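Below: the structure, in C-alpha cells.
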Number of protein chains: 2
Amino acid sequence: MARSALPAAPPAEDDSGASLVSFVVDSIVDGVMRGRYVPGQRLIAADLAEDYGVSRAPVREALHMLAGEGVVELVANRGARIRRLSVAELVDFLEFTEAICVLGVRLATSRMGQEEPRAEVIRHYDAVEEAWARRHARDFVVALYQYHIALNRIGGNRFLEFFYERPYIRFYTLLLADLVPGFNWDKYIDNYRLIHATILSGDSHTAVVHFASHIRWVLSNMRRSEAPA
Amino acid sequence: MARSALPAAPPAEDDSGASLVSFVVDSIVDGVMRGRYVPGQRLIAADLAEDYGVSRAPVREALHMLAGEGVVELVANRGARIRRLSVAELVDFLEFTEAICVLGVRLATSRMGQEEPRAEVIRHYDAVEEAWARRHARDFVVALYQYHIALNRIGGNRFLEFFYERPYIRFYTLLLADLVPGFNWDKYIDNYRLIHATILSGDSHTAVVHFASHIRWVLSNMRRSEAPA
DNA sequence: TTCGATGATTTTGTATGCAGGATTTGTGGC
DNA sequence: GCCACAAATCCTGCATACAAAATCATCGAA
C-alpha cells in the first residue's frame, strides 16, 4: 500500500488569535501523522524553532503539551522524542480501545433510528470504502478512525468524543496501521462491512458482539506476529 | 464527611535530577487533589512562579503539560484555569470509565488464582474499608481509585495502567466524590463488598456484571441529581 | 444610578541570554 | 583496530526582558 509524506504547512502568516504554541503543536501532530516525525525520533527545540520560524519558548511549551498528551516523551536533560511503542504496548492499546469503541458502537447503534445520525454514519463509512478501493493503508486507517469518531459523536458521550479525538489516540491508531505487514486486510474490511451493516440495523447487542469479535481477531493476529519480532 | 486541605509541599531544596517543570506539575496536581485549586480557578503564571520559587518559564511549561493532560484549560491570551466539568460531563466520564474499569476487573479477576496478585488486591481493598470506617469521603474515593489502579496493574494491560494513572483521571474521579451530596454511600460500599468478593472468587464474568451493575446504579443516581442542579 | 469610554495595571505570549548537563569529537594507550 | 579518556560542541533548562492583549478602575454623560 502507498504512503504519503508531504512537508508540513508553512509557518503561518497572520493567523492572529491562534497562539504560536498551538501552531507548533498542530504542526508536530501533523508531522507525525504524515510520517515526517517517526517514533523515537529526537525533537530538538532549536531546530523546530527554526523550522517553524518561532523562538524556543513556544516550542518547549508545545513539546510539554504533547508530552501531556502522550505523543512525545520527555527525559530530563535529554529533551524530547516522539513516543515509541512496542508491539506489546500496541496490543494493550488495541485491547484498551476495544473497550472504548464498544461503548461508542453501542451508544451510536441505538440512535440509528434517527435520520441525521444514520446519514452521517453512512457518509463516513463510504469514505472508508473509498479509501479501501484506493488501497491506501494510511487513508484507510484514518477513514476508519473518522468513522469511529462519528460513532462516538453520535453516541452522545462527550467524554468519549473528547477522548477519542486526542492526538495520542490518532497517533497510536496510526502506528497500528504500520504494524503486522502480512496482515489479512481483506478479512479486516469484511469484518467492518458486517459491523457497519449491523450498526445500521440498530441492533446494539449484535453490533457490539461483531465489533468485539473483530478486535479479538485483530489481537490474535498481532499476538501471533509478536513472537518472531 | 471530613475533608483535608493542607498547603502544598515546600519549593524543594536540592532534589537535583527532577526538573522544575515536573516539580510544578506535581505541586499543581497535588494542590488540585487537596482542594487548594478548585475547578474554574484561574492560575496566574507569575503567582505560581512566586509560590513555588521558580521563574515563569517552567510554570508555563507545566501548565501546558497539564493542559495536555486535561487538568487545566488554556484560553488564548487569557491564561490557564483548572478545568471545570459539568455534572453532565461527569456522567459521561463515569460511563466512560465503566468501560475501562470493566476491562481491568475482567483481566485482574482472571489472575486471582495467583498468590501475589490476590494478596495485593486484598491489601488495597482493606485500605478502602479502612477509609470507609473513618468516614473520610476523599480518602475513600482515593482508596477506591488505588484499588482500581491495583486491579489494572494486575490485569497486565500496560496501557490501561498508564491511562488510569493519568492526572486527569485522578482529578475527575475526585470531582465525582464531591458530587451528589445526598448520596447513598452505604449502598455504594455494599456494592463494592460484593464486587470485591466476586473478584476474589475468580469469576470474571460475574465480577464484570456486578461492577457494571454498580456503575449503572451510580449513573442513575447522578442523572437523577442532574435535573434540579 | 447605570452605562460606556478611557487610561492604568495586570497578565500573557514570545524572544533571548546563559549556566550546566549531554553528546560528540579528537587523542592516546593497548 | 579498539577502547578509555578528555576537550569541544551541542542542547536543555531556567531566568529574564519586553510588547501586546486583557482586565480593572476611574470618570463622565445619559
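Note: hydrogens, waters and symmetry copies are ignored here, and every other heavy atom, side chains too, is used. Predicted model, so just to flag it, every value in this text is computed and none were measured.
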Atom-to-atom span, [atom1] of [X] to [atom2] of [N] - whole angstrom:
{"X": "D47(B)", "N": "dT23(D)", "atom1": "CG", "atom2": "P", "result": "15 Å"}
{"X": "Y52(A)", "N": "dG13(C)", "atom1": "OH", "atom2": "P", "result": "21 Å"}
{"X": "N77(B)", "N": "dT23(D)", "atom1": "CG", "atom2": "C1'", "result": "12 Å"}
{"X": "R60(B)", "N": "dA15(C)", "atom1": "CZ", "atom2": "P", "result": "11 Å"}
{"X": "R78(A)", "N": "dC11(D)", "atom1": "CZ", "atom2": "P", "result": "15 Å"}
{"X": "R42(B)", "N": "dC24(D)", "atom1": "CZ", "atom2": "C1'", "result": "11 Å"}

Nearest-nucleotide pick for A45(A), side chain only, options being dT11(C), dA15(D), dT12(D)
dT12(D)
Which pair of non-hydrogen atoms, one from Y192(A) and one from H214(A), has the smallest distance, and what is that distance?
CE1-NE2, 3.3 Å
Students often get this wrong, so: under 4.0 angstrom with heavy atoms, is V24(A) touching a base, only sugar-phosphate, or nothing?
nothing
Tell me what L43(A) touches on the nucleic acid: a base, only sugar-phosphate, or nothing, going by heavy atoms under 4.0 Å.
sugar-phosphate
Using only heavy-atom distances, decide whether a donor-acceptor pair under 3.5 angstrom links the side-chain of R56(B) to the base of dG13(C).
yes
H148(B) and T173(B), any side-chain heavy atoms less than 4.5 Å apart:
no
Any Lys/Arg nitrogen of R60(A) or E61(B) sitting under 4.0 Å from an Asp/Glu carboxylate oxygen of the other?
yes
Y168(B) six-ring face occupied by R166(A) cation (under 6.0 Å, within 45°)
yes
